Novice: 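If you scroll down you'll find the structure; I have some questions about it.
Computed from a predicted model, the values in this text were never measured in an experiment. Each ligand, and each atom within it, is numbered from 1 in the order the structure gives.
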Amino acid sequence: MPDPSQWWCSAVVYQIYPRSFADSDGDGIGDLGGIAERLDYLQQLGVDVLWLSPIYPSPHDDNGYDISDYRDVDPAFGTLEQFDQLLRDVHARGMKLVMDVVVNHTSDEHPWFVESRSSRDNPKRDWYWWRDEPNNWTSEFSGPAWELDDKTGQYYLHLFTRKQPDLNWENPEVREAVYEMMRWLDRGVDGFRMDVINFISKPADLHDDATDTRGPIGRDAYICGPRIHEFLHEMHEQVFAGRDGLLTVGEMPGVTVEEAQLFTDPARGEVDMVFQFEHFNIDQRKNKWDWFPLHLPDLKHSLGRWQEGLAETGWNALYWNNHDTPRSVSHWGDDGEHRVAAAKLLGTVLHLHRGTPYVYQGEELGMTNVPFESIEDFRDIESLSHYAEATAAGQEPEEVLRGLRWMSRDNARTPVQWDASEHAGFTTGEPWIPVNANHTEINAEAGLADPDSVFHHYRKLIAFRHEEPAVAEGDFTMLLPDGERVYAFTRRHGDTELLVIANFSADAVTPDADREWAGAEVVIGDPGDSLALGPWEARVYRRSR
Ligand code: NOJ
């Protein structure tokens, strides 16, 4: 277990997807100037850390997760000087700033790859994975994971788009160049969110994946590959050791609890916490486009296991939303009649777990999925590739669109809804992706003005974590694991005990919980006379033992 006085145990992180956050210059793309203008809002919310999705120069094949220069800022977002000023402004408000680092792959327009592809004997040839024959791996974004490069007649590996070639971490020069680049820390940044960092170690023979598991072929070979712990420890030693006050979080699709214990054991010096995906895949069959309605006990079973698994060693990162997910209130809540209650409930349940919560922009407003009409409304390369592949394979376009409306990453990427005006106060120009029409009702201005809003609820949850040690440090016990409607758990720290009860349904319920709690202090939610909960209602009780 980390020392509970580690600052990030009681911190809340807010993720900014800069392209969709706020546009200060009217070009329809969010930028650093826009973030600077909204710092008061973020401070009012009370978050401790801002994580910026990539702002580096990029051809934007995958919205910046294809980096062509790790040392600069993309002109669409601003300049290095603006970045330095933003960092000072963030620090002056007592917040920290964490950068996104994407080093499983670069853009194909990064000078390293341009050199690598220039000839078979270029000194950087071995910085990427080149082969005469591809193996059977498929891309995370549909189609094969290999692209034939005509110039030299070999194939290169790309686990994502063909414009995102994978770096060869077996080569020590690659690792050194990455660590060198990560000295962004010298500019004063406070840590990193590391993109698909458990994909960086591939088996050197790149053998075929013989398993038939869920998800892209190859995952069994490269998820938490043979040298992953060695590489992350080396990075820790080279980049983070001896620096205080940092936060490092590894994005790790497919990571198991057992692996996560190793990654986040402070004694091993790898990362502080990981984003795991198990709970996120709980309602999916073969792939993310093929889902079934949430069975609540499955979610409890999964999150409960992670709480238990990292109770003694390691630490959880907690999230419902990010730039790759649909909006949680639509996905697992209710975005109709009970939207406000459901958004508050999801926030309460997540923030009261043990771990560091992450809020994705707009989540604190209860922003919803988007009623996309046709494929022309989508921008995301993953969604567009899936549509092309699925319809070419004979699937009905309307059926494919149904999957996209539910799961597309574009649901999270429409602009933040600041007010009820034409483009939701996001831009004075034409937004790169249209705003959700419901911005006339759901927006920050309205949220700030209404004391009962989702925004003010999130503000209270964040403040509660700061004030009540049982939230950050208390142990966790899941209750009613088989209950299909009620999510309930306790947290205990010293002689303080908290009970969280949440009704994941539109029917009123009376949970079968310890009656003694009925008289306890309600610290979050509306005090009721009994433990009865209305539709999508959640409550947190506190008592002393
Ligand atoms: C995970 C990121 O969160 C996602 O947005 C991106 O497309 C892939 N990694 C590739 O970088």
Novice: Looking at ligand 1, is there an atom of it that comes within less than 4.0 Å of some heavy atom belonging to Arg409?
Specialist: yes
Novice: Can you say whether the rings of Trp112 and Tyr70 are parallel (under 30°), tilted (30 to 60°) or perpendicular (over 60°)?
Specialist: tilted
Novice: Record the part of Phe141 in heavy-atom contact with ligand 1 below 4.0 Å; permitted values are side chain, backbone, both and neither.
Specialist: side chain
Novice: Taking all non-hydrogen atoms of both residues into account, name the closest pair between Thr325 and Ala412 and its distance.
Specialist: O-CB, 3.2 Å
Novice: Quick one: which ligand 1 atoms are inside 4.0 Å of a heavy atom on Asp324?
Specialist: 1 (C), 2 (C), 3 (O), 4 (C), 5 (O)
Novice: Starting from atom 8 (C) of ligand 1, what is the nearest protein heavy atom, named by residue and atom, and what distance separates them?
Specialist: Phe160 CE2, 3.7 Å
Novice: Using distance alone, with no hydrogens and no angle criterion, decide if Arg125 and Gln154 have a side-chain donor and acceptor under 3.5 Å apart.
Specialist: yes
Novice: If the cut-off is 4.0 Å to any non-hydrogen atom of Asp62, which atoms of ligand 1 fall inside it?
Specialist: 6 (C), 7 (O), 8 (C), 10 (C), 11 (O)
Novice: Go through ligand 1 atom by atom and flag the ones less than 4.0 Å from a non-hydrogen atom of Arg413.
Specialist: 5 (O)
Novice: Search all heavy atoms of Pro253 against all heavy atoms of Phe277 and return the closest pair with its distance.
Specialist: CA-CD1, 3.4 Å
Novice: Under a 4.0 Å threshold between the charged nitrogen and the carboxylate oxygen, would Arg327 count as salt-bridged to Asp335?
Specialist: no
Novice: Is it the side chain (CB and beyond), the backbone, both or neither of Glu382 that lies under 4.0 Å from ligand 1, heavy atoms counted?
Specialist: neither
Novice: Of the backbone atoms (N, CA, C, O) and the side-chain heavy atoms from C-beta on, which set of Glu251 has a member under 4.0 Å from an atom of ligand 1: side chain, backbone, both, or neither?
Specialist: side chain
Novice: Show me which atoms of ligand 1 lie under 4.0 Å from any heavy atom of His105.
Specialist: 10 (C), 11 (O)
Novice: Students often mix this up, so state it plainly: with edges at 30° and 60°, are the rings of Trp406 and Trp291 parallel, tilted or perpendicular?
Specialist: parallel
Novice: Considering residues, nucleotides and ligands other than His229, do more than 12 of their heavy atoms fall under 6.0 Å from its NE2?
Specialist: yes
Novice: I need the nearest protein heavy-atom contact for atom 2 (C) of ligand 1: residue, atom name and distance, please.
Specialist: Asp195 OD1, 3.0 Å
